[in-house]
S.K.: 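What follows is a structure written as C-alpha cells; I'll ask about it next.
Whatever order the structure lists them in is the order used to number ligands and atoms, beginning at 1. Fair warning: this is a prediction, and the values are worked out from it, not measured in the lab.
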Amino acid sequence: MKSVRRAPPKQGLWRRLANFHPPPSALSFKRPSKYSLNPHTPYLSKRLEHLLTESPAERERERKREGHGRIYLRTPFVVRYGEFFRDSSGRNTSRCLHNERECELPLVDLGGLSSDDERERQTCVAAMAEASSAWGFFQVVNHGISRELLEEMRREQKSLFEMPFERKSSCCKLLNGSYRWGTPTATRASQLNWSEAFHIPLANICEGNEDPSNGDEEEFTSLREAMERFAGAISELAATIAGVLAGNLGHRGKLPAESCSKASCFLRLNRYPRCPFSQEAFGLVAHTDSDFITVLHQDQVGGLQLMKDSNWVAVRPNPDALIVNIGDLFQAWSNDVYKSVEHRVLACSEKERYSVAYFMCPSFDSFTFGEYRRQVQEDVNATGQKIGLPDSSASSSGRPDCCQIYRQSNIR
Ligand SMILES: O=C(O)CCC(=O)C(=O)O
Ligand SMILES: [Fe+2]
C-alpha cells in the first residue's frame with residue numbers, strides 16, 4: 001500500500017483525488033485512538049468526579065428535578081463548559097443563532113429507481129444528481145427501511161444514552177473507545193459541540209458476541225441486534241444511492257461502494273442534550289463530512305442547518321424521510337460535480353435531540369481512509385482548512401473525528 005505523498009497547497013490530496021477513479025481495493029483501517037474523557041480543569045474536576053460516579057437513584061432524582069424546572073445545574077456539560085457562556089462579570093452572554101430561514105430540502109422518491117418506466121427512473125436519478133450538485137443534500141422517501149426498524153434503532157439509542165455517564169465510555173467491547181462528548185480541545189463556545197456520540201465501526205457491530213467472559217456484552221444484545229439490522233439496511237441504501245450517483249457520472253464499472261468494507265464504515269449515534277445556552281451553542285459546529293456519502297436518520301426536534309448560497313438554512317424535519325449528504329471524498333471523486341456542503345446543528349433548550357448517521361467510507365488502491373484522514377488533518381493544521389474546499393474564508397483548527405474534520409468557523 002503506497003503512502004500518501006504530501007501535495008503542495010492548492011493542489012493537495014483534494015486535486016489528486018479529483019483525478020482519481022479508483023478500482024476497489026482491500027482496506028486497512030486503523031481504529032480511532034481511545035477518546036480521552038478527562039480534559040477538565042482542576043477546579044471543576046472534583047465536582048465532575050462526583051457527577052461521574054453518581055448512583056442510578058441519584059440520577060433518577062436528578063431527572064425528576066429536571067422535570068420540575070431545576071434543569072441543567074449538574075450536568076457534565078454545564079460543569080465542564082458553562083464557563084464558555086459567561087462574560088467576565090459572570091453574566092450569561094446571549095447571541096441568537098435561531099433566526100435562519102427554514103427550507104424544504106429537495107425530496108426524492110426512491111420508488112422511481114425500481115420503476116418499469118425508464119423515464120421515471122431517469123427523473124429520479126436526475127433529481128438526486130441535481131440536488132447533489134446544487135445542495136449537497138437531499139431527502140429520500142420510499143427508501144426501503146421500515147418504520148419499525150427506525151423506531152427500534154431510536155429506542156435502543158435512547159436507552160444507551162440513558163446509561164450513567166461513566167459507563168458510556170468504557171462499557172463493553174461493542175462500544176469501547178467509541179464514546180465522545182463535548183469538544184476536549186475547545187477553548188470557547190464557537191468551538192464546542194454540545195453533544196455526545198458513539199462512533200462505531202461496522203466491524204464492531206457485526207463481530208458478534210465472541211467473548212462471553214465479558215459480562216457487559218449480554219446487556220447490549222438488543223442494541224447490537226438493532227444496530228446490525230439498521231447498519232445492514234442503511235449501508236445497502238447508501239451503496240445504492242452512491243452507485244446511482246456515480247453511474248450518472250458515467251462510472252459504470254466498479255463503484256466506490258464496492259470498496260467499502262465493514263472496517264471502513266461507521267454508525268454514529270448522536271444525542272444533543274438540552275442546553276441552557278442554546279442561543280449561542282452549537283450541538284455540532286460547522287463541518288463537512290470527510291466520507292463518501294452520509295445517510296442520516298434524525299428525529300423531529302430540528303436544528304440541522306446547512307450552507308446554501310452563502311446562507312445558513314434550517315432543515316425542516318420530515319418524519320418519512322432520511323437525509324443524504326455528499327462527503328468530501330465524493331466531491332473530489334466527482335471532480336467537484338457533487339458538493340460536500342458545510343452543515344451544523346444548533347443546540348436546543350427545550351428538548352433533547354437524537355440522530356443516527358451512517359458514514360460510507362471507501363478506500364482506494366493508493367491510500368487508506370486512515371491515511372486520507374491524517375492528510376486532511378495535516379492540511380487543516382497547516383493551512384487552516386481542508387485544501388480545495390470552496391470556502392476558504394473559514395479560520396479553522398480542525399481535529400480528526402473519524403469521519404469528520406470539524407472546521408471551526410468564523411461564526412461568533
Ligand atoms: O445530527 C445531525 O443532524 C447531523 C449530524 C452530523 O452532521 C454528523 O454526525 O456528521
Ligand atoms: Fe456531518
S.K.: Flag the pair Arg224 and Glu156 as a salt bridge only when some basic side-chain nitrogen lies within less than 4.0 angstrom of an acidic carboxylate oxygen.
M.R.: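 So Arg224 does not pair with Glu156 through a salt bridge.
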S.K.: Report yes if the distance between the aromatic ring centroids of Phe282 and Trp194 is under 6.0 Å, otherwise no.
M.R.: no
S.K.: What I'd like to find out is whether the side chain of Cys265 reaches to under 4.5 Å of the side chain of Phe292, using heavy atoms alone.
M.R.: no
S.K.: Looking only at N, O or S atoms in Asp289, which is nearest to the Fe ion (ligand 2)?
M.R.: OD1
S.K.: Could you list which atoms of ligand 1 come closer than 4.0 Å to a heavy atom of Leu284?
M.R.: 5 (C), 6 (C), 7 (O), 8 (C), 9 (O)
S.K.: Name the one of Thr183, Thr185, Thr187 that satisfies side-chain contact (heavy atoms from CB on, under 4.5 Å) with Leu192?
M.R.: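 Testing Leu192 for a side-chain contact (heavy atoms from CB on, under 4.5 Å) against Thr183, Thr185, Thr187 leaves exactly one candidate, Thr183.
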S.K.: Which ligand 1 atoms, with their elements, are less than 4.0 angstrom from a heavy-atom of Asn270?
M.R.: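 Listed by number with element, the hits are 1 (O), 5 (C), 9 (O).
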S.K.: Distance alone, cut at 3.5 Å: any donor-acceptor contact between the side chains of Tyr179 and Glu196?
M.R.: yes
S.K.: So do the side chains of Leu267 and Met227 get within less than 4.5 Å of each other, counting heavy atoms only?
M.R.: yes
S.K.: Under 4.0 Å, heavy-atom basis, I'd like to know which part of Phe359 is in contact with ligand 1: side chain, backbone, both or neither.
M.R.: side chain
S.K.: Could you name each residue pair satisfying ring pair (Phe, Tyr, Trp, His ring centres under 6.0 Å) that touches residues 335-355, not counting sequence neighbours?
M.R.: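 Found Phe137-His343, His287-His343, Phe330-Tyr338.
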S.K.: Go through ligand 1 atom by atom and flag the ones less than 4.0 Å from a non-hydrogen atom of Val345.
M.R.: 1 (O), 2 (C), 3 (O), 4 (C)
S.K.: For Glu151, which residues count as a side-chain contact (heavy atoms from CB on, under 4.5 Å) partner, sequence neighbours excluded?
M.R.: Arg147, Arg155
S.K.: Should you measure from each heavy atom of Ser355, which atoms of ligand 1 turn up under 4.0 Å away?
M.R.: 1 (O), 2 (C)
S.K.: Does the side-chain hydrogen bond (donor to acceptor under 3.5 Å, both in side chains) test come out yes or no for Ser195 and Asn270, once each step is laid out?
M.R.: CA-CA 7 Å; Ser195 56; Asn270 293 311; 5.7 Å; no
S.K.: Who's closest to atom 2 (C) of ligand 1 heavy-atom-wise, of Arg271, His287, Arg353?
M.R.: Arg353
S.K.: What atoms of ligand 1 come closer than 4.0 angstrom to any heavy atom of His343?
M.R.: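 That gives atoms 7 (O) of ligand 1.
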S.K.: Give, rounded to 10 degrees, the angle between NE2 (His287) and NE2 (His343) as seen from the Fe ion (ligand 2).
M.R.: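 Roughly 90°, rounded to 10°.
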S.K.: Using heavy atoms and a threshold below 4.0 Å, how should the contact between Asp289 and ligand 1 be classified: side chain, backbone, both, or neither?
M.R.: side chain
S.K.: Purely on distance, is any nitrogen or oxygen of Gln298 under 3.5 Å from one on ligand 1?
M.R.: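 In this structure, Gln298 places no N or O atom under 3.5 Å from an N or O of ligand 1.
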S.K.: May I ask you to list the atoms of ligand 1 that are less than 4.0 angstrom from any heavy atom of Tyr272?
M.R.: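 Within the 4.0 Å cut-off of Tyr272, ligand 1 contributes 1 (O), 2 (C), 4 (C), 5 (C).
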S.K.: Indicate, as side chain, backbone, both or neither, the part of Thr294 found under 4.0 angstrom from ligand 1 when only non-hydrogen atoms are considered.
M.R.: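 Under 4.0 Å from ligand 1, Thr294 contributes no heavy atoms.
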S.K.: With a cut-off of 4.0 Å, which atoms of ligand 1 are near a heavy atom of Arg268?
M.R.: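 Heavy-atom distances to Arg268 below 4.0 Å select 9 (O).
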